[in-house]
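Below you'll find the structure, written out as structure tokens, and then a few comments.
In listed order, ligands and their atoms are each counted from 1.
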Amino acid sequence: MKQRENFSSKLGIIVATAGSALGLGNIYRFPCEAGANGGGAFLIVYLAIALVIGTPLMISEFVIGRRAKSNPVGAFRLLSGKKSAWPVVGYLGVLCAFLILAFYTTVAGWTLGYLGKSIAGHFNHQDLTQIQGQFDSFTNHPWLPLACQLVFLALTAFVVARGVKDGIERWSKILMPLLLVIMVVLCVKSLTLSGAAEGLRFFFKPDFSKINGRVLISALGQSFFSLSIGMGALITYGSYISKKDNMVSSAVSVVLADTMVAVLAGVIIFPAAFSFGIQPEAGASLAFTTLPMVFQQMTGGYFFCIIFFLLLVIATLTSTISLLEVIVATLTEELQLTRSKASIVGAVGTAAIGVLATLSFRTGSPLHIAGNTFFDLLDHVTALYFMPLGGLLIVLFVGWKMERADTMDELTNGGSLKAGLRKAIMFIIRYLAPVAIGVIFISQLLA
Ligand code: TRP
């Protein structure tokens with residue numbers, strides 16, 4: 001009996017963390033970034049960063065969370081002693097959660113809208129121009145994208161208000177494997193389109209001359225974004241991990257699963273985009289034009305499209321839940337709000353900024369700053385500044401500020417797990433990860 005309990009609780013963190021990690025970051029943002037940053041060159045840098053920096057950072061967040069059993073602000077306060085400045089890292093994380101959630105729910109709303117459109121059959125017998133036109137007219141619609149965003153936020157707040165365990169885990173456990181199945185089907189279809197090989201070459205053949213500071217920081221930001229690290233979301237989840245769980249192997253499983261889904265998304269989108277003549281640099285519309293085009297070419301595409309967008313909505317929901325959870329855990333523990341009140345405050349606060357992100361997508365919208373939409377601004381500020389900085393401070397905290405014995409105690413579950421591998425991880429956390437993040441971060445500031 002004991003064995004069984006252990007297993008299910010271990011599966012619990014993997015499922016919850018994977019639920020947080022898997023989402024629009026993999027299916028929408030990863031292809032978008034890879035397309036804009038040279039394809040294969042981006043992929044190779046991305047893989048290296050996700051494995052070498054992403055995994056130890058995820059483990060570091062788990063260590064802080066489980067040690068302190070608290071929200072990010074409280075965790076830094078508890079582990080660093082009175083009068084320390086470290087809780088600022090927690091506050092930065094909460095602010096970052098607000099900013100990410102604000103623009104993330106714009107795209108989350110699109111997934112709802114696209115679910116509706118696929119049910120209504122809007123993608124049947126459409127050519128490329130028409131499908132691209134649908135993206136423009138949807139994002140320019142006077143109220144639809146706003147309504148979708150607000151509905152999505154309300155759904156998120158509802159799940160979070162009901163509590164962590166039953167809320168989060170139940171949703172993701174069954175449905176994420178199903179998403180994977182549908183993506184494999186899509187992948188097979190995409191690879192058999194005429195001209196697919198060119199897309200594969202773009203995605204897998206690295207042109208090393210394209211690797212520059214911009215590619216490095218974009219890959220760093222994307223890997224943090226995709227893995228939900230660098231702002232305390234997984235400190236919050238770490239605080240719900242039981243003492244028996246193996247955090248190292250859980251982190252490795254999540255990183256592998258997340259990376260696999262991102263690569264799979266690339267293998268679906270690039271061959272199809274090249275085949276249909278969609279630019280890989282298309283940006284925000286890349287996934288939202290390519291995918292409906294692929295479905296349209298498939299037998300049973302109408303149904304596949306509906307199921308796909310339904311599952312994408314759910315994958316996205318488990319990610320927005322984890323973002324709102326950071327805010328709610330902090331508000332309930334630091335300001336003693338009830339869970340329901342905290343969820344409402346979090347959702348309303350997000351909506352206030354989020355609505356502007358959605359509006360900034362309209363053609364001719366005044367919400368442009370230095371040539372970028374307000375949406376892009378939120379995306380860049382969080383992925384290129386907040387998360388790298390947060391990630392750097394988190395590894396420095398675990399590597400240098402926390403008691404060594406406490407950290408090793410967490411990593412080895414009180415000495416019951418082998419120490420060898422954990423010492424190597426500790427080395428990466430202390431030296432390699434901070435130097436790598438620091439160099440990439442500083443070099444882009446200077447560029
Ligand atoms: N990782 C999610 C995705 O790829 C987005 C996300 C959820 C996130 N929680 C986060 C990103 C916390 C950064 C931090 O879609």
Pairs of nitrogen or oxygen atoms, one from ligand 1 and one from the protein, closer than 3.5 Å: please tabulate them with distances.
residue, atom, partner, partner atom, Å
ligand 1, 1 (N), Ser20, O, 3.3
ligand 1, 1 (N), Ala21, O, 3.1
ligand 1, 1 (N), Phe225, O, 2.7
ligand 1, 1 (N), Ser226, O, 3.1
ligand 1, 1 (N), Ser228, OG, 3.0
ligand 1, 4 (O), Ala21, O, 2.8
ligand 1, 4 (O), Gly25, N, 3.3
ligand 1, 9 (N), Ser228, OG, 3.3
ligand 1, 9 (N), Ser322, OG, 3.1
ligand 1, 15 (O), Leu24, N, 3.1
ligand 1, 15 (O), Gly25, N, 2.8
ligand 1, 15 (O), Tyr104, OH, 2.4

Original post:
Roughly how far, to the nearest 0.5 Å, is CE of Met231 from CG of Leu323?
Top reply: 5.5 Å
Original post:
Looking at side-chain heavy atoms only, is the closest gap between Phe374 and His368 below 4.5 Å?
Top reply: no
**OP:** Taking the six-membered ring of Trp400 (Phe, Tyr or Trp), confirm whether the NZ or CZ of Arg430 is under 6.0 Å from its centre and within 45° of its axis.
**Re:** yes
Original post:
Ala102 and Gln149: which non-hydrogen atoms are nearest, and at how many Å?
Top reply: O-NE2, 3.3 Å
Original post:
Hey, are Tyr91 and Glu334 close enough side-chain-wise for a donor-acceptor pair under 3.5 Å?
Top reply: no
Subject >> Test applied, side chain to side chain contact (heavy atoms under 4.5 Å, CB included); reference residue, Trp86; option that passes from Leu393, Val73, Leu79 >> reply: Leu393
